[in-house]
Amino acid sequence: MAPRSNFIAMEKDINEYLKKMRHDFSVMKLDETMVDKDPFDQFGSWFVAAVEAKVNEPNAMVLSTVSESGRPSSRVMLLRHFSGKGFSFFTNYNSRKGKEIEKNPAAAILFFWPELERQVRIEGKLSKVSAAESDDYFLSRPRESRIGAWASPQSEMISGRKALEDFLGNMKDKFADAEVIRPEWWGGFNLVPDRIEFWQGRPSRLHDRICYVRQDDGTWRISRLAP
């Protein structure tokens with residue numbers, strides 16, 4: 001371990017570096033006349049642009065949930081389906097996120113595509129997808145990934161890496177001559193949004209922010225937000 005004095009010096013250098021970091025956004029612009037009336041169509045066009053720009057894992061998103069006591073937590077997930085009904089991902093229902101969602105379904109997801117200087121912020125409520133949808137996605141996964149889902153007691157404390165490898169070995173033996181079906185405690189969640197914001201980086205930090213808010217009649221109000 002480095003001496004404390006060295007760490008303090010390094011910490012100072014890092015913070016000086018952070019203060020001086022600057023990037024002026026200048027690739028594109030976004031205004032009210034450019035966006036679709038439907039935020040799902042707008043997301044679709046931006047997602048396709050991210051894929052075409054070869055963004056690294058364009059379906060990667062930060063999922064933020066909140067515990068029953070109000071403590072937030074975030075992690076990177078992968079979007080697996082989206083439509084006018086919402087944005088879906090799959091996980092272990094007994095994980096920390098799964099337990100938090102059970103107690104408090106309010107959540108937010110964030111996409112960041114730096115190559116395009118864009119982010120999409122989505123807020124709403126989560127609910128489980130149907131068992132049939134979860135089965136369909138689970139069976140589309142590689143066999144090793146399906147066995148991994150059975151092997152990992154996600155978010156639980158374990159004694160070490162060997163314990164995880166032992167769990168995996170046991171599951172490989174269990175399913176040696178059998179189809180790896182979906183565990184009942186594993187499946188999908190769908191986030192139905194009531195607010196979606198499209199953010200486009202612009203020069204001098206005067207970014208474009210176009211926000212959709214769902215109205216009581218199901219339509220969307222579109223407005224511009226100050227950066």
Side-chain angles (χ1 to χ4, degrees), residues 38-40 42-44 46-47 50 55-114 118-141 145-146 148-158 163-164 167 182-199 207 209-216 218 220-221 225:
D38 186 319
F40 296 105
Q42 180 63 35
F43 179 86
W46 270 28
F47 186 83
V55 169
N56 185 35
E57 296 208 77
N59 62 329
M61 61 186 191
V62 176
L63 168 70
S64 297
T65 55
V66 182
S67 70
E68 194 174 17
S69 64
R71 185 182 182 89
S73 60
S74 300
R75 73 289 288 162
V76 177
M77 303 289 295
L78 295 177
L79 178 70
R80 289 305 184 189
H81 183 266
F82 93 92
S83 68
K85 295 181 180 179
F87 300 79
S88 300
F89 61 91
F90 294 83
T91 189
N92 185 319
Y93 289 142
N94 293 328
S95 64
R96 177 179 176 180
K97 73 180 88 58
K99 292 176 180 177
E100 289 180 346
I101 293 166
E102 182 179 2
K103 298 293 185 181
N104 183 351
I109 54 181
L110 168 69
F111 294 87
F112 179 48
W113 300 314
R118 287 175 171 174
Q119 14 176 11
V120 184
R121 301 171 61 192
I122 304 168
E123 301 172 20
K125 288 188 176 181
L126 288 161
S127 61
K128 289 181 179 179
V129 305
S130 70
E133 290 175 272
S134 291
D135 286 339
D136 183 65
Y137 175 70
F138 189 79
L139 292 175
S140 75
R141 304 177 84 205
S145 295
R146 283 182 274 157
W150 276 95
S152 175
Q154 194 174 121
S155 300
E156 293 183 18
M157 188 178 296
I158 58 176
L164 188 60
F167 295 154
R182 178 180 66 89
E184 64 180 14
W185 35 259
W186 191 100
F189 283 108
N190 182 60
L191 185 141
V192 178
D194 51 40
R195 182 185 178 97
I196 304 179
E197 180 191 320
F198 295 86
W199 181 99
H207 310 305
R209 298 174 62 188
I210 303 298
C211 184
Y212 295 74
V213 177
R214 190 191 294 272
Q215 305 299 290
D216 291 339
W220 293 88
R221 186 188 72 218
L225 304 179

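Values reported hereafter were calculated over all heavy atoms of this structure, with side chains retained and with hydrogens, waters and symmetry mates removed.
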Among all residues two or more places apart in sequence or in another chain, which pass the ring-ring contact (aromatic ring centres under 6.0 Å, His included) test with Phe82?
->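 Expected list: Phe43, Phe87.
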With Tyr212 via ring-ring contact (aromatic ring centres under 6.0 Å, His included) - residues at least two apart =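 Partners of Tyr212 under the ring-ring contact (aromatic ring centres under 6.0 Å, His included) test: Phe198.
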Could you tell me whether a side-chain N or O of Trp113 sits under 3.5 Å from a main-chain N or O of Pro58, the two making a donor and an acceptor?
->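 Flag set: sc Trp113 to bb Pro58 pair under 3.5 Å.
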Let me confirm one number: the [atom1]-[atom2] distance from [X] to [Y], rounded to the nearest 0.5 Å.
X	Y	atom1	atom2	result
Lys99	Asn94	NZ	CG	6.0 Å
Arg121	Phe112	CZ	CZ	13.0 Å
Ser140	Phe90	OG	CZ	8.0 Å

Taking side chain to side chain contact (heavy atoms under 4.5 Å, CB included) as the definition, give me every residue that meets it alongside [X], ordered by chain and number, with sequence neighbours left out.
X	result
Pro183	Phe138, Trp150, Trp185, Trp186
Lys103	Glu68
Asp194	Glu123, Arg214
Gln215	Val213, Asp217, Thr219, Arg221

Looking only at heavy atoms, what is the nearest atom pair of [X] and [Y], with distance?
X	Y	result
Ile196	Pro39	CD1-CB, 3.8 Å
Asn104	Val66	CB-O, 3.5 Å
Ala151	Leu164	O-CD1, 4.4 Å
Pro153	Ile158	CG-CG2, 4.1 Å

Kindly determine whether Arg182 and Leu139 satisfy side-chain contact (heavy atoms from CB on, under 4.5 Å), including the steps that lead there.
-> CA-CA 7 Å; Arg182 178 180 66 89; Leu139 292 175; over 6 Å; no
Partner residues of [X] under the side-chain hydrogen bond (donor to acceptor under 3.5 Å, both in side chains) criterion, sequence neighbours left out:
X	value
Ser130	Glu133
Ser88	Asn190
Ser155	none
Ser83	none

Please check if atom CZ in Arg141 has more than 12 non-hydrogen atoms from other residues, nucleotides or ligands closer than 6.0 Å.
->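 Count over threshold, so yes.
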Using the side-chain contact (heavy atoms from CB on, under 4.5 Å) rule, take Glu100 and Arg71 through it: C-alpha gap first, then chi angles, then the decisive distance, then the call.
-> CA-CA 10 Å; Glu100 289 180 346; Arg71 185 182 182 89; 5.9 Å; no
Please step through side-chain contact (heavy atoms from CB on, under 4.5 Å) for the pair Leu225 and Trp199, ending with a clear verdict.
-> CA-CA 10 Å; Leu225 304 179; Trp199 181 99; over 6 Å; no
Quiz: residues 74-81 side-chain donor-acceptor pairs under 3.5 angstrom, not counting sequence neighbours:
{"unit_1": "Ser74", "atom_1": "OG", "unit_2": "Ser64", "atom_2": "OG", "d": "2.7"}
{"unit_1": "Arg75", "atom_1": "NH1", "unit_2": "Leu63", "atom_2": "O", "d": "3.2"}
{"unit_1": "Arg75", "atom_1": "NH1", "unit_2": "Thr65", "atom_2": "OG1", "d": "3.0"}
{"unit_1": "Arg75", "atom_1": "NH1", "unit_2": "Ser73", "atom_2": "O", "d": "3.2"}
{"unit_1": "Arg75", "atom_1": "NH2", "unit_2": "Thr65", "atom_2": "OG1", "d": "3.4"}
{"unit_1": "Arg75", "atom_1": "NH2", "unit_2": "Ser73", "atom_2": "OG", "d": "2.9"}
{"unit_1": "Arg80", "atom_1": "NE", "unit_2": "Tyr137", "atom_2": "OH", "d": "2.9"}

Can you check whether Met61 reaches Phe89 side chain to side chain, under 4.5 Å on heavy atoms?
->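 Side-chain contact under 4.5 Å: yes.
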Pair Lys97-Phe189, side-chain contact (heavy atoms from CB on, under 4.5 Å): steps then yes or no | CA-CA 11 Å; Lys97 73 180 88 58; Phe189 283 108; 5.7 Å; no
